[in-house]
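Please read the structure below before turning to the comments.
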Amino acid sequence: MTSLRNYWRELPLKPQGIIIILAGFLPMIAIVAMGPAVPTLIAHFASDPNARAQVPALIGAPGLTMAILAPFSGLLIDRFGRRQLLLAATASYAMFGTAPLFLDTLDQIYASRLLLGISEAGILTVVNTLIADYWDAKGRKNWLFLQSLVGPLFGAVVGLSVGIASTLQWNGVFFIYLAALPIWAAMFVWLFEPKKTKVEVVSDDRSAPLAAFPWSNAAVTGFVTFFSAMLYYVFIINGALVFAEVGVTEPDQYAQMIFVPQICFLGGAVLFRVLADRSYPFQLGVFFALLGAGLGAIGLAESPNAMAAGVVIQQIAAGMAVPTLLIWTQSKFEFNHRGRGMGIWTAAFFLAQSQSPRLVHVLDQVTGSMKGAFLAAGSVGIMVGGVTLVIAFASRKARPIVT
């Protein structure tokens, strides 16, 4: 307990950190909150023969807009600053997020979800940029670790709330987007426009041209992030559908089944912190291997309890995902290019959000079941994790990460 108090006492810029953590959850709500509502939405649109494919695609729709617009958000951030864009994006998030409460068709809701993606592109790009702007490497690790600890508790509460709301009203899930309003108010009061660190200012020769944007770093981090997120979203978007194959068909029952496994996300946050001083290939290899094992276990399960056990492994890996990918990517870009770099990261992550349900739907058709789709995705994750760990061990004499 004393160590936790010391940990909290040493964290700099606490109001800003808390706001950034909460704001970072807003784009995730678009996926986490919607998962338990999938069966209810499909049932409501049962007259549409394509609803089973369209509803998961609807949930991932904001990711398509984010994938297209996030790099442009990054350009705006580097040119015009962070704070004003974040305020505008958060206000529009509340408006577009709650729009389906007043809409009646899948096409209309899909359009509103695309517009929501515009807001999410701005929010996540600015938030991830501010994490690197406000804190040094140690501060970033500490706040990302804290974000990972709070995330599962937040997600579990949201999941239970959505499960209940979905049984009362078919589109009740969309009330959750009103959470953006108090966060916006806190941003307005406490967030400030960051400046370069002393080191960056000293090294910035204004008479010399700016260094070229590191496209090779952007390509590598973007590809790895895209692949990681494709696997990351397999359960988040399709979890309710795979549980339905072992008899869990009600939204509130599904939410209760995954409530405890979701808390194991905390284990992933702790594991991220434990591995923070290891090489990036090692961290990524552990993440891929665990995520693949979790998805594979879900695919092999024959009962709800066995499937929940697979979710435990999957959630540990999920707890590592975002902080591991972010801390690696943030290290690749300096202040002048950070917005664009994080915009590309956001684009890659949420392009995967929009495409993952399509891939899973194809695997569902090929294998004949959602469980088969999970097993196929898990097998790929295990193989990639194994190869990445081999690379990590082969280069173990490389210089360790500096904390």
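Y254 contributes no side-chain N or O that, together with a main-chain N or O of V248, makes up a donor-acceptor pair within less than 3.5 Å. In terms of modelled atom types and a separation under 3.5 Å, the side chain of Q16 and the main chain of W190 share a donor-acceptor contact. D78 places a side-chain N or O within donor-acceptor distance of the main-chain N or O of G339, the cut-off being under 3.5 Å. A donor-acceptor distance shorter than 3.5 angstrom exists from the side chain of R140 to the backbone of A132, with no hydrogens or angles considered. Of the possible polar contacts, none joining the Q147 side chain to the W143 backbone as a donor-acceptor pair under 3.5 Å is found. For the pair D133 (side chain) and P194 (backbone), a donor-acceptor distance under 3.5 Å is absent. K371 places no side-chain N or O within 3.5 Å of a backbone atom of I298 that could act as its donor or acceptor partner. Of the possible donor and acceptor atoms, none in the side chain of T125 sits under 3.5 Å from a partner among the backbone N and O of G343. Between the side chain of N238 and the backbone N or O of V234 there is at least one donor-acceptor pair closer than 3.5 Å.
Residues L375 and T367 have side chains not in contact (no heavy-atom distance under 4.5 Å, counting atoms from C-beta outward). In this structure the side chain of L284 reaches within 4.5 angstrom of the side chain of L325, judged on heavy atoms. At a threshold of 4.5 Å between non-hydrogen side-chain atoms, the residues I327 and F272 count as touching. Contact of the I344 side chain with the T221 side chain is not registered, since no non-hydrogen atoms from C-beta on lie closer than 4.5 Å. Contact annotation: the side chain of F265 never approaches that of V312 to less than 4.5 Å [non-hydrogen atoms, C-beta and beyond]. Using a 4.5 Å heavy-atom threshold, the side chains of M342 and L124 count as separate. Taking 4.5 Å as the limit, some side-chain heavy atom of I109 sits within range of a side-chain heavy atom of F45. The shortest distance between side-chain heavy atoms of F288 and F227 falls below 4.5 Å.
Note: H44 and W170 have parallel aromatic rings, judged against thresholds of 30 and 60 degrees for the angle between ring planes. Between Y177 and F174, the ring planes lie parallel to each other; the angle is under 30°, not in the 30° to 60° tilted range. Ring planes of F235 and F243: perpendicular class, angle over 60° (limits at 30 and 60°).
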Take M370 and L363 through the test side chain to side chain contact (heavy atoms under 4.5 Å, CB included) and record every step on the way to the result.
-> CA-CA 8 Å; M370 189 60 67; L363 293 175; over 6 Å; no
Verdict with reasoning, L181 to L178, per side chain to side chain contact (heavy atoms under 4.5 Å, CB included) | CA-CA 6 Å; L181 297 180; L178 292 174; 4.3 Å; yes
Given side chain to side chain contact (heavy atoms under 4.5 Å, CB included), test T65 with L115 step by step and report yes or no.
-> CA-CA 7 Å; T65 311; L115 292 173; over 6 Å; no
Between S92 and S119, does a side-chain hydrogen bond (donor to acceptor under 3.5 Å, both in side chains) hold up when you go through it step by step?
-> CA-CA 6 Å; S92 62; S119 304; 2.5 Å; yes
Side chain to side chain contact (heavy atoms under 4.5 Å, CB included) between S73 and V126: does it pass, once the steps are laid out?
-> CA-CA 8 Å; S73 297; V126 177; over 6 Å; no
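Closest non-hydrogen pair, A317 versus L291, comes out as CB-N, 3.3 Å. Counting all heavy atoms, side chain and backbone alike, A186 lies closest to I19 at O-CD1, 3.3 Å. Among all heavy-atom pairs drawn from A352 and A229, the shortest one is CB-CB, 3.4 Å. Scanning both residues, F282 and A392, for their nearest heavy atoms gives N-CB, 3.4 Å. Residues A276 and Q283 come closest through the heavy atom pair O-NE2, 3.7 Å. For S369 against D364, the heavy-atom pair with the smallest separation is C-OD1, 3.1 Å.
Between the CG atom of L75 and the NE2 atom of H337 there is a distance of 11.5 Å, given to the nearest 0.5 Å. Between atom CH2 of residue W328 and atom CG of residue N217 there is a gap of 9.0 Å, rounded to the nearest 0.5 Å. Here the CZ atom belonging to F102 is positioned 9.0 Å from the CG atom belonging to N171, to the nearest 0.5 angstrom. Remark: L76 CG to R82 CZ distance equals 11.5 Å, nearest 0.5 Å. Between S228 atom OG and F223 atom CZ the span is 9.5 Å, to the nearest 0.5 Å. Atoms CG and NE2, from L241 and H361 in turn, are 11.0 Å apart once rounded to the nearest 0.5 Å.
A cation-pi contact links R83 to F188, judged by a cut-off of 6.0 Å to the six-membered ring centre and 45° from its axis.
A salt bridge links K141 with D277: the closest approach of a Lys/Arg side-chain nitrogen to an acidic carboxylate oxygen falls below 4.0 angstrom.
Ring centroid separation for the pair Y232 and F349 comes in under the 6.0 Å cut-off.
Screening residues 108-134 for ring-ring contact (aromatic ring centres under 6.0 Å, His included) gives Y134-F192 as the qualifying pairs, with residues at least two apart or on separate chains.
Side-chain N/O atoms of N128 and R338 include no donor and acceptor closer than 3.5 Å. Side-chain polar atoms of T225 and W345 form a donor-acceptor pair below 3.5 angstrom.
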